[in-house]
Structure formats: C-alpha cells, structure tokens
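The structure appears below as structure tokens.
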Amino acid sequence: MKKAVILINDTTYAFNLRGAIIEKLIQEGFEVVVVGQLLKHQDKLKDMGARLIGVETGRHGTNPFSDLQLMLTYKKILKAENPNVVLTYNIKPNVYGGIACQRLRIPYLPNVTGLGTPVENPGKLQKLTIQLYKMGIAGGACVFFQNNDNRKFFEQHNMLKSEARTRVLPGSGVDLANHSVLPWFENEKVHFLFAARVMKEKGIDLFLAAARKFASENVVFDVCGACDDENYREILNNEKCVTYHGEQNDMIPFYRECSCFLYPSYYPEGMSNVLLEAAASGRPVIAADRAGCRETLDDGVTGFLVPIQDEEALVNAVERFMQMTMEQRKAMGLAGRQKMEREFDRKIVVKAYLDEIQEILRG
C-alpha cells in the first residue's frame, strides 16, 4: 500500500487547512500518517482514515538542542514508517523534517506557508533561519509557495538550488462548499469584523483606531481570536467601541453578520485564510497591501487595499465603505466570491499535490 506521511505543527492545522488533501490521498489508496502536536480534530482526522503520531514541534522555541531532538524524532518516525512521499508544512517541519527526509533519501514536498517574523526581519536570527531553511528544502522534489513574494525572497537570498522546481499555489485554497455565499442582514447597521490571533502585527491596533473613530449605534466592530498578549485581552474587554468574542471554533455566524471583513495585518504570512473565507462567504474585505493579503482581493471591486500600517488610509477606506449603498456592498461581496471560485478553490491545491506525488511515484 502506498504511504504518505504529513509533518505538520498540529492536528488543528492539519484538519482545517489540509483535510482536503488528506481525504483525497486516502481516496487514492494511500495510507496517511499525520505527525504533529495532538490538539483539536483528532477524532475527525481518524474518522477520515488517517493515523496520528504525536510530536511536540515547539513552534515558537529557538533552543538548538530541542530542534536537534525534533530532527532525530522525525528521522526515527520516517525510518519506521518508510513512506513513499512526505508532505511538510510550517517552518520547523519544513526544516527538520526536510533534513530527515534527505538523510533517509525519502522524496518530500515542502510548503512554505509564510516567511514568519524571524525570516523577514533583518538580523542575526534572520541569517540563521535562512541557512536552516536552505538546508531543509534543499532536497525537496518540488517546493510549494503560497505567494510570489515569498518565492522571490527565497530566490534573492539563494535559498533554492539552481535546479529546484517550484510552484506557487493559491495559499491553502478555500473550501467553497463549507463557505457558501451567506445572506445579508437587512438592517441599517454596518458590522466590521476582525478575526485572527490578536497581536500587533495582525493589525489589531489599526482596527481599534478605526473602531474608536466610527463606532456608534449603527456601526459595530467585532473581534474574534485568541490573545497572544494578555494586555490585549484587557484592552478589548474594557474597550466600549468593540465587542470581543474570544477564540471561535465556528466563524460562519460571524461572517454572516458582518458587512465587511477588516484585516489590516502586516504579519509575514503565506496567504490569509480568513480573507479567503470571508470573500467566499460573499463579504467585501479591506486589507493591507502586503504579500499574502493583496492577492485575495481586487482593489475597488471585491474590497479595498490600504498601505501597510497606514492608519489614515484605513480610516478613509472604512469611511468609503460606510458611504456605499447596501446594493453596492452586496455586489462587491459577490465579486469576491467569484474571485474565490476562479482562483482560490481548494481543489486547485489538491490537484497540484496529486500531480507532484504522481510524478514522484513514476520515479
């Protein structure tokens, strides 16, 4: 039986963003083993037919001894499993899983899911991370990127071998069946929604600035997401101009209620999944003009792009949206849905993986 091992940060990410690939591989006759931290959705992954192996990646840690141990753990697991192909996601699985695959001569497909702060910000940590990433993806059969800017960064920093094959995917894609066009609330209230990990780089301060300027009886600002910094939890709970809902397992009720998804993030991500989901739900979006966000919208058609960390531009975009009629907002939302159908259907991502895996199996 053909076998695919997936090295990933955790089971939550595996189910939410890679479930379609796991399901398709199982349908194609593969035994699928998911290796990562055992968090949410374990039962759902098992119900699909996947086998789980718990490994703590220490995703935010920078201890070289722990990282060496992670690489040895991957090597031990892969030697025992002896898969036909390995799929790696997230920084540490890409780096240490990639090195383990090279040493065992197992074909693997790394996916660069975003540069991350250590890679994007110049300094000693950037130099170290670039070298590690270079080692990790050196033997990849094909290196997947989620936006062109990330691929250019790797090329400019000589992180790819001259013969390396690369493909740019539409992020993780969006599940169009689970995120269908939602009906609008026919009332006068305008709802702006922010959903992400609540942290400075995701643009929460800019969102709050807009909320403080416009929040009123008819304009609502909602925030969903876990707080990395407890100071933000206190700010949000005490802030009268926003309603903080905490971390949510099901975002669909919030997409349904929102008029516009407001996401001024300048975090170095591969492709913003929340922007894809909001647009697939038929909602206009306002986002920062940076890689991983700008690709998800057509400025003035499906939403508005604003310069990075530009509070005045964001406030102007919010005001511009508020001046639109309900029909204009609906048309903008439907244009966003059509863009998702054309360019970001998760089936595109699944097909790209199957094509590359078939190429590996053919030798």
Side-chain angles (χ1 to χ4, degrees), residues 7-9 17-18 21 59 62 67 71 85-103 105-173 201 265-273 275-276 287-297 299 305 307-309 343-344 348-357 359-360:
L7 304 181
I8 207 157
N9 273 345
L17 297 180
R18 305 299 161 190
I21 291 170
R59 56 187 294 187
T62 54
D67 291 345
M71 194 270 285
V85 64
V86 175
L87 316 184
T88 69
Y89 300 92
N90 317 117
I91 293 178
K92 289 197 175 184
N94 278 343
V95 170
Y96 301 108
I99 293 170
C101 286
Q102 289 171 57
R103 292 188 176 177
R105 299 183 182 278
I106 298 171
Y108 68 106
L109 296 166
N111 187 314
V112 179
T113 53
L115 295 182
T117 306
V119 180
E120 190 163 273
N121 295 340
K124 288 181 180 177
L125 189 56
Q126 185 197 57
K127 288 179 182 175
L128 173 63
T129 312
I130 282 175
Q131 282 306 116
L132 287 170
Y133 232 138
K134 194 172 180 178
M135 290 165 60
I137 66 168
C142 178
V143 183
F144 289 118
F145 291 92
Q146 300 203 357
N147 64 64
N148 277 307
D149 286 48
N150 283 185
R151 179 163 67 176
K152 284 175 189 170
F153 183 94
F154 272 62
E155 289 169 350
Q156 288 163 358
H157 290 80
N158 300 312
M159 295 165 73
L160 296 166
K161 285 189 172 182
S162 57
E163 70 275 17
R165 288 200 316 108
T166 64
R167 290 179 72 163
V168 177
L169 301 175
S172 304
E201 292 88 347
S265 170
Y266 48 97
Y267 184 80
E269 51 198 320
M271 189 69 67
S272 169
N273 292 299
L275 284 173
L276 300 184
D289 188 5
R290 68 148 296 135
C293 294
R294 73 170 72 96
E295 296 88 350
T296 69
L297 68 111
D299 191 26
L305 279 176
I308 296 171
Q309 297 186 62
E343 301 172 31
F344 289 93
I348 298 169
V349 178
V350 173
K351 184 180 184 305
Y353 266 96
L354 282 180
D355 289 348
E356 292 301 330
I357 290 168
E359 192 70 26
I360 287 168

Contact between R18 and N111 at the side-chain level, heavy atoms closer than 4.5 Å - yes or no?
yes
What are the two closest non-hydrogen atoms of A141 and L109, and how far apart are they?
CB-CD2, 4.0 Å
Could you go through the side chain to side chain contact (heavy atoms under 4.5 Å, CB included) check for D355 and E359 one step at a time?
CA-CA 6 Å; D355 289 348; E359 192 70 26; over 6 Å; no
Would you confirm whether D289, through its side chain, and P307, through its main-chain N or O, come within 3.5 Å as a donor-acceptor pair?
no
Between N90 and P93 (side chain of the first, backbone of the second, donor and acceptor by atom type, cut-off under 3.5 Å), is there such a pair?
no
To the nearest 0.5 Å, tell me how far I348 CD1 sits from E343 CD.
8.0 Å
All salt bridge (Lys or Arg N to Asp or Glu O under 4.0 Å) counterparts of R290, not counting sequence neighbours
E120
Taking every non-hydrogen atom, the tightest pair across C101 and Y108
CB-CD2, 3.4 Å
Closest non-hydrogen atom pair, P110 against G140:
CD-CA, 3.9 Å
If you take all heavy atoms of E269 and S265, which pair is closest and at what distance?
OE2-OG, 3.4 Å
So, the side chain of D299 versus the backbone of L305: is there a donor-acceptor pair under 3.5 Å, distance only?
yes
If you define the side chain from C-beta out and look only at heavy atoms, does anything of K127 sit under 4.5 Å from K124?
no
I need the R294 CZ to L275 CG distance, nearest 0.5 Å.
12.5 Å
For the student: nearest non-hydrogen atoms of G114 and N150, plus distance
CA-OD1, 3.6 Å
Taking K92 for the side chain and D67 for the main chain, is one N or O donor matched with an acceptor at less than 3.5 Å?
no
Check whether the side chains of N9 and Y89 place a donor and an acceptor atom closer than 3.5 Å, and report yes or no.
no
Would you give the length of the straight line joining atom CZ of F344 to atom CG of N273, rounded to the nearest 0.5 angstrom?
10.5 Å
To the nearest 0.5 angstrom, please state how far the CG atom of N158 sits from the NZ atom of K161.
13.5 Å
Is the backbone N or O of M135 less than 3.5 Å from a side-chain atom of Q102, with the two atoms forming a donor-acceptor pair by type?
yes
Derivation of the side chain to side chain contact (heavy atoms under 4.5 Å, CB included) call for T129 and Q126:
CA-CA 5 Å; T129 312; Q126 185 197 57; 5.8 Å; no
When the ring planes of F145 and F154 are compared, do they come out parallel, tilted or perpendicular, using 30° and 60° as the limits?
perpendicular
Correct closest heavy-atom pair for L297 and A287 would be CD2-CB, 3.8 Å
Any P170 side-chain heavy atom under 4.5 Å of M271 side chain:
no
Using 0.5 Å steps for rounding, measure from the CD atom of Q146 to the CG atom of L115.
10.5 Å
Check against side chain to side chain contact (heavy atoms under 4.5 Å, CB included), L169 and Y353:
CA-CA 10 Å; L169 301 175; Y353 266 96; 4.0 Å; yes
Between CD of E201 and CD of Q309, what distance do you get to the nearest 0.5 Å?
9.0 Å
With heavy-atom distances below 4.5 Å as the criterion, would you say the side chains of V112 and Y133 are in contact?
yes
Heavy-atom side-chain contact between L132 and I91 under 4.5 Å
no
Give the C-alpha distance, both sets of side-chain angles, the deciding distance and a yes or no for side chain to side chain contact (heavy atoms under 4.5 Å, CB included) between I137 and F144.
CA-CA 10 Å; I137 66 168; F144 289 118; over 6 Å; no
